[in-house]
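Before any comments, here is the structure.
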Amino acid sequence: MIPSSTRVLIVDDVQTMRQIVKGQLRGLGLTQIFEADNGRAGLETLQFQQAAGLPIELVLCDWNMPVMPGIDLLKIVRSTPEFKDLPFLMITAEGQQHQVVEAIKTGVSSYLVKPFAPAGLQDKLAAAWKRHHPSK
C-alpha cells in the first residue's frame, strides 16, 4: 500500500471535490496533502516542492479545469524528466472512450470516473502506485 508519508497533490477546480478526495486520503492514513485549483497551479506546486527538496509523490487530477486542464498537466508531467515517473491518477467525469484512450496514451497511471465510491478510489490509488513502485 501507499506509505502514510507520501506527499500527495490534489488538482481540481471544485473545492468540494478536493475536500472529498482529501477526506478519503486521510481515511487511508495519508496526511501530507497539497491542493491546487487548476493545472497551472498544480504544476507550480510540483515545481516548488521539487525545488524545496520535498517532491510530490502522487498526483490526483481532474480533467476539466480553467486555466490548464488536467490532460495538459499530465502531458507536461510526462515530458519533464523529474516528474515523468510520478504516479498520476486522473479523477474525472470524462468517461468517454476517446478520453480514456487519450489519457492512457499520454501516460496516466490510472483513471477513475466520477462519481466514485471510496473503495474505487482506494483500488485506483493502489493500481497507480503499484505501476510506478512494483516492488512496494
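Only heavy atoms go into these numbers, but all of them, side chains included; no hydrogens, no water, no symmetry mates. If you read the sequence from its start, that first residue is 1, and numbering goes on from there. Keep in mind the model is a prediction, meaning the values are calculated, not measured.
Between V113 and F116, the shortest heavy-atom contact is O-CB, 3.8 Å. Contact detail for D12 and M65: the closest heavy-atom pair is CA-SD, 3.7 Å. For the pair L73 and C61, the tightest heavy-atom approach, listed with the atom from each and the gap, is CD2-SG, 4.0 Å. Heavy-atom minimum distance, K75 versus T106: CG-CG2, 3.4 Å. Closest non-hydrogen pair, G29 versus S4, comes out as O-CB, 3.2 Å. Here the closest heavy-atom approach between residue G70 and residue F88 is recorded as O-CZ, 4.1 Å.
For the atom pair CG (L28) and CG (L121), the distance works out to 6.5 Å, reported to the nearest 0.5 Å. From Q24, atom CD reaches atom CD of Q19 across 12.0 Å, with rounding to the nearest 0.5 Å. Here I104 contributes atom CD1 and Q97 contributes atom CD; the two are 9.0 Å apart, rounded to the nearest 0.5 Å. Here the straight-line distance linking atom CD of Q15 with atom CD1 of I10 works out to 11.5 Å at 0.5 Å rounding. Between L89 atom CG and K124 atom NZ the span is 8.0 Å, to the nearest 0.5 Å. Rounded to the nearest 0.5 angstrom, L25 CG and L125 CG are separated by 6.0 Å.
Every residue meeting the salt bridge (charged side-chain N to carboxylate O under 4.0 Å, His left out) condition with R18, not counting sequence neighbours, appears here in chain and number order: E35.
At a threshold of 4.5 Å between non-hydrogen side-chain atoms, the residues V8 and L60 count as touching. Under the 4.5 Å side-chain criterion, counting only non-hydrogen atoms from C-beta, L86 is in contact with V59. Residues T6 and W129 form a side-chain contact, since some pair of their non-hydrogen atoms from C-beta on lies under 4.5 Å apart. Residues D62 and I91 have side chains not in contact (no heavy-atom distance under 4.5 Å, counting atoms from C-beta outward). A 4.5 Å side-chain heavy-atom check between S109 and H132 finds at least one atom pair inside the cut-off. Proximity of Q99 to Y111: side-chain heavy atoms (C-beta onward) are separated by under 4.5 Å at one or more points. Between K22 and F34, the closest side-chain pair of non-hydrogen atoms is not below 4.5 Å. Put simply, the side chain of D13 reaches to within 4.5 Å of the side chain of P66, judged on heavy atoms.
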* Can you list the steps and then say if I2 with L30 is a side chain to side chain contact (heavy atoms under 4.5 Å, CB included)? -> CA-CA 8 Å; I2 301 170; L30 298 167; 3.9 Å; yes
* **Verdict with reasoning, K114 to W63, per side chain to side chain contact (heavy atoms under 4.5 Å, CB included)** => CA-CA 11 Å; K114 297 175 190 175; W63 186 303; over 6 Å; no
* Asked: Do R40 and D72 pass the salt bridge (Lys or Arg N to Asp or Glu O under 4.0 Å) test, and can you show the C-alpha distance, the side-chain angles, and the key distance before you say yes or no?
  -> CA-CA 9 Å; R40 182 177 298 148; D72 291 349; over 6 Å; no
* Residue pair V77, K84: steps toward the side chain to side chain contact (heavy atoms under 4.5 Å, CB included) verdict -> CA-CA 6 Å; V77 164; K84 68 179 179 65; over 6 Å; no
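No single ILVMFWY cluster, assembled from side-chain heavy atoms under 4.5 Å apart, contains both V14 and V67.
For the pair D85 and R78, the salt-bridge criterion is not met [side-chain N within less than 4.0 Å of a carboxylate O].
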Throw together a table of side-chain donor-acceptor distances under 3.5 angstrom for residues 43-57, partners on residues two or more places apart or in other chains.
residue: T45; atom: OG1; partner: A41; partner atom: O; Å: 3.0
residue: Q49; atom: OE1; partner: R7; partner atom: NH2; Å: 2.2
residue: E57; atom: OE1; partner: R7; partner atom: N; Å: 2.7

